[in-house]
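Side-chain atoms are counted along with the backbone in the values below, which use heavy atoms only and exclude waters and symmetry mates. Here the structure is a predicted model, which means the values were calculated and not measured.
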Amino acid sequence: MGTSPKDARIELRVTAAQKEAIESAAAISGRTVTAFSTEVLTERAQEVIQQDRRLRVDAEAFDAFQSVMDRPPRSVDGLRNLLTRTSVFVDGD
């Protein structure tokens, strides 16, 4: 949260039970309803934003991986020989 002056407003409609719970939680925390609500909403907003960013990056990474996997296979010099010769770790007995 920045140090700029508070020049924006959010108005919410809540049920009586929600209002009571928010007021109780704010009082228990020793904060005003505004301070409590602002902190909780901002923290939750940041969590949602971060989760969205992770999902987008994961989707982009998966798309890139899938693109590579969809390419036709290519021959790598010496790989066939390496995979078909007898292992040096096999006992010759």
Mind checking the [atom1]-[atom2] spacing from [X] to [Y]? Nearest 0.5 Å is all I need.
X	Y	atom1	atom2	answer
Phe36	Ile28	CZ	CD1	8.5 Å
Leu79	Arg74	CG	CZ	10.5 Å
Gln18	Leu12	CD	CG	9.5 Å

Nearest heavy-atom neighbours spanning Ile22 and Ser37: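 Closest heavy-atom pair between Ile22 and Ser37: CG2-OG, 3.7 Å.
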Shortest non-hydrogen contact between Thr42 and Thr38, atoms and distance: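 Result for this residue pair: OG1-O, 2.7 Å.
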Pairing of Asp52 and Arg56 as salt bridge, 4.0 angstrom limit: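 Yes, Asp52 and Arg56 are salt-bridged.
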Shared hydrophobic cluster, Val33 / Val40 (ILVMFWY, side-chain heavy atoms < 4.5 Å):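 Yes; tracing contacts between hydrophobic side chains, which count when under 4.5 Å, links both residues.
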In one Ile/Leu/Val/Met/Phe/Trp/Tyr side-chain cluster, 4.5 Å: Phe62, Val68: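 Different clusters: Phe62 never reaches Val68 through Ile, Leu, Val, Met, Phe, Trp or Tyr contacts under 4.5 Å.
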Atom [atom1] of [X]: over 12 foreign heavy atoms under 6.0 Å:
X	atom1	value
Glu23	CD	yes
Gln51	CD	no
Asp77	CG	no
Ile10	CD1	no

Main chain of [Y], side chain of [X]: is a donor-acceptor contact present, judged purely on distance under 3.5 Å?
X	Y	answer
Ser87	Phe89	yes
Ser67	Asp63	no
Gln46	Glu43	no

Derivation of the side-chain contact (heavy atoms from CB on, under 4.5 Å) call for Met69 and Gln66: CA-CA 5 Å; Met69 294 304 291; Gln66 191 169 9; 5.6 Å; no
